Structures are given as structure tokens and as C-alpha cells.
Amino acid sequence: MVRNIDACAKSYRERSLPQNTFLMARSKELVPGVGRLSRSQVFAQRALYKGQKKSTPKAEADAPATVEKTIGGGKNGGKRLVPTSKASRFYPADDVRQPKKSRKTPKPTHLRSSITPGTILILLAGRFRGKRVVFLKQLESGLLLVTGPFKVNGVPLRRVNQAYVIATTTKIDLGGFKVDDKINDSYFAKAATKGAGSAEAEFFEGGKPKAKEAFPESKSGDQKEVDKAVIAAVKKTENLAKYLKTSWGLSKGQFPHQLAF
Amino acid sequence: MSTDSNFKRFVEVGRVVLLKSGPFSGKIAVIAEIIDHNRAIIDGPTTGVTRQSFPYKHLTLTPLSLTKLPRGAGSGVIKKQLEKEAVVEKWDKSSWAQKRAAQDKRRSLNDFERFGVMLAKKARRDLVRKTIHKAKST
């Protein structure tokens, strides 16, 4: 119920105001557009005047207010002072609120302490759920970069959310291995393609199903390069490759909260 | 007594008990004194259980007991008798204690170690199967 009301209020705001406005963070809305606190009360609550001023405002180079221009025509006096920026011809009848600028920046995602490079993870969601994979590094977006390795269990270089992962205590020693910096979030982005004109054109070509596009060789090369180091580390422990090959699951009478990983 | 009881284990002074709950759960102790029909004073100077009153509800009687423990004996006497009769060693050797230890061990294994157990069991099964087959065919 409450959610519905919120959604209504939001849509109301969106209709009447430009997008991305963030109104009344502190002052609760009584009715749409009217807050509980006045403007000065909100100012007092935000207490921005208390904070230490870290930066001094830059002295802007004053642009001259007017420019002298030569004017053609006999009776125009030859020269005239013209304002550099022309004043608006009319004023808005109603006050328009200045949208508040957000000074919030997203915090980098916290990586679970049980996950370090070389940790064996169990994937819980997605196409490869149940697979045991090796964690390589955390990407800028906070997602985890993992690999099967591909040759061992068929899981390619892949991004996963750490929420959908069980971290085991088993770790492999990757030594000083560093994943190439080119493997980042944009590496996994899909290439922008023009939308096909019709569903027909999307799947068929000349009356036949379209041939599958080959996997880019550069990417399979990257996969091999990363996996080389990982597989070498996996081989050092007996049975570890076999372990990675098998999928994880719960059998009767097993409960994940009672298991040690 | 007219007839012997069918029961073998009694709540009695000197009875070795296994604790089932509380911070000392899983450890053994000795009944030093019986308080009432609900509680007894137990003590385990060699097993790390402090002298305390403990409800029968939360303990199990073991077949072991100290034969000559006087009522209300102090920790020192209990310790001496426990060592003399080697009760802790006897307990550790019992199949009950060994089963408990194995259970605890199995529960503490991590995912990879569980996988190792699975492989070992498979190998054992295979060996047994092959040997039986060989014995049958000859």
C-alpha cells in the first residue's frame, strides 16, 4: 500500500518537474510539493554553515558587462555600449525551484573478506549455477571476475555478483599473477548493434537461419592466457581439478547453514 | 533388595556423565553429590568441567563410573580417582566417544575435504566390489 502511494507521489513529481530532481531530502512531504519544514528550517537542519570550508571559491575573471560596438547608419551615433549577455525579455510568473545538486558519490563495493584472489567460489545463480570457479579480482563495478578455468569446467571469464556466490575456504596460490588490465567492465560490454528491421531479418538470411557468429579470437586468446596461470596453480593440488569439474549441490539432510565451506 | 534391577546405569555418586548442553556440552564429568531429583553436583577436574550443579535433563549417563568415590568428594579426590581408574582414557577408547569424534570431524570438513572423502569412499567401494567379484568367480 505504502509503496503505491510513494509511486504515485513520484510520478506526480516527475510530471511537474524536470527529471533527476531530488526534493526535500530532510523535510518530509506533507502533500506533493509542500514540505513539513520551511526553507530556512531545512537550511538549519542541513547545517552546511557549520562545516569547515575546505576550498576557497575561485576568483572568476570578470567578463566585461558591456561591449562597445560600432553601429552603422547615420543617426545611430556610430558607437554603442551593448551588454555582453542579453537579459531575458520576460520573467517567469511562478518561482521555479532550483533542483538540488547531489554531492553524493557511490561508494566502491565492499569485497567480502573471505574472498581473495585464488579463492574457489561456488556460483549460485545464472547459467553456471552450482559450478565451482576461481576468483581472480574485483572489477571497478564491484562485480567479481571469475574463471572456471574454461578448460576444466567450461566456465569462461565471467563477471558475477558476490551476493550470488559462496566463498569456500579452499584457495589456490596464484602467486604474483595479475589479470591484464584490459579485462575490465567494458571488456564484457556487448557491442552496440543496430536493431534489426524485423524479427525475420534478425534470425534469417536468405531464407536460411543465420550462421552463428564465431567467438572472437582475441577473447579466446585472453581466456587461454588467464587460464594458463590458473591451471598451473590448480595442478599443484591433488584432486583440485576434479573438484572444480564437479558441481556443488545439497543432498538430503544437508543444510547450507550447517555446512562448513 | 529382593530382585536385581534390569537397569545398568544409575544416577549415583561416582557415575561418569556426558553433558548435552551448556558451555561444557560434549565433555564428560563425574557426579560428586546428588542434590535432588532434578540436579546433581558434577565435577570434571581432568576434563575441564568446573564443579557445578547440573540438571539430569541435560546430561546422559555413561556405563563408566568411579567405584570408590565417597559422597560429596572435593575436586582433588575426584581427580585422583579419575586418574587412578583411567576413566578419561577408557571413555576416549569407547566406540561411543569415537563415533562422536568422527561425527565432529566430518562436520568440520570444508567443501573440498568433503569432496576428498567422497573420492576415498568411491575408491573403497570399487576395491570391495572388485575383490568380491574375484572371490566369487574363482
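Predicted, not measured: the structure shown is a model, and the values here were computed from it. In what follows, chains are A, B, ... by sequence order, proteins preceding strands, each numbered from 1.
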Please indicate whether B/Gln98 has more than 12 foreign heavy atoms, meaning atoms of other residues, nucleotides or ligands, lying under 6.0 Å from its CD.
yes

Can you name the residues of residues 112-138 of chain B that have some heavy atom under 4.5 Å away from a heavy atom in chain A?
B/Phe112, B/Arg114, B/Phe115, B/Leu119

Scanning both residues in full, the closest heavy-atom pair of A/Ala260 with B/Ser108 reads CB-O, 4.1 Å

Heavy atoms of other groups near A/Lys151 NZ, more than 12 under 6.0 Å
no

Can you confirm whether more than 12 heavy atoms, excluding those of A/Lys137, are under 6.0 Å from its NZ atom?
yes

Between A/Ile122 and chain B, which part of the residue has a heavy atom less than 4.5 Å away: side chain, backbone, both or neither?
side chain

Can you tell me which of A/Thr237, A/Leu240, A/Thr169 forms the most heavy-atom pairs within a distance under 4.5 Å of chain B?
A/Leu240

Between B/Asp111 and A/Phe261, is any pair of side-chain heavy atoms under 4.5 Å apart?
yes

Step through the shown structure and confirm whether more than 12 heavy atoms of other residues, nucleotides or ligands are within 6.0 Å of CZ on A/Arg112.
yes

Take atom CD in A/Glu140; do more than 12 heavy atoms of anything else shown fall under 6.0 Å from it?
no

Heavy-atom pairs under 4.5 Å with chain B, option from A/Thr170, A/Thr168, A/Ile120 with the top count:
A/Thr170

Within the supplied structure, the quantity of interest is the number of heavy atoms (other residues, nucleotides, ligands) at a distance under 6.0 Å from A/Asp181 CG; does it exceed 12?
no

Heavy-atom neighbours of B/Lys84 NZ exceed 12 at 6.0 Å
no

Check this for me: B/Lys27, atom NZ, are more than 12 non-hydrogen atoms of other residues, nucleotides or ligands nearer than 6.0 Å?
yes

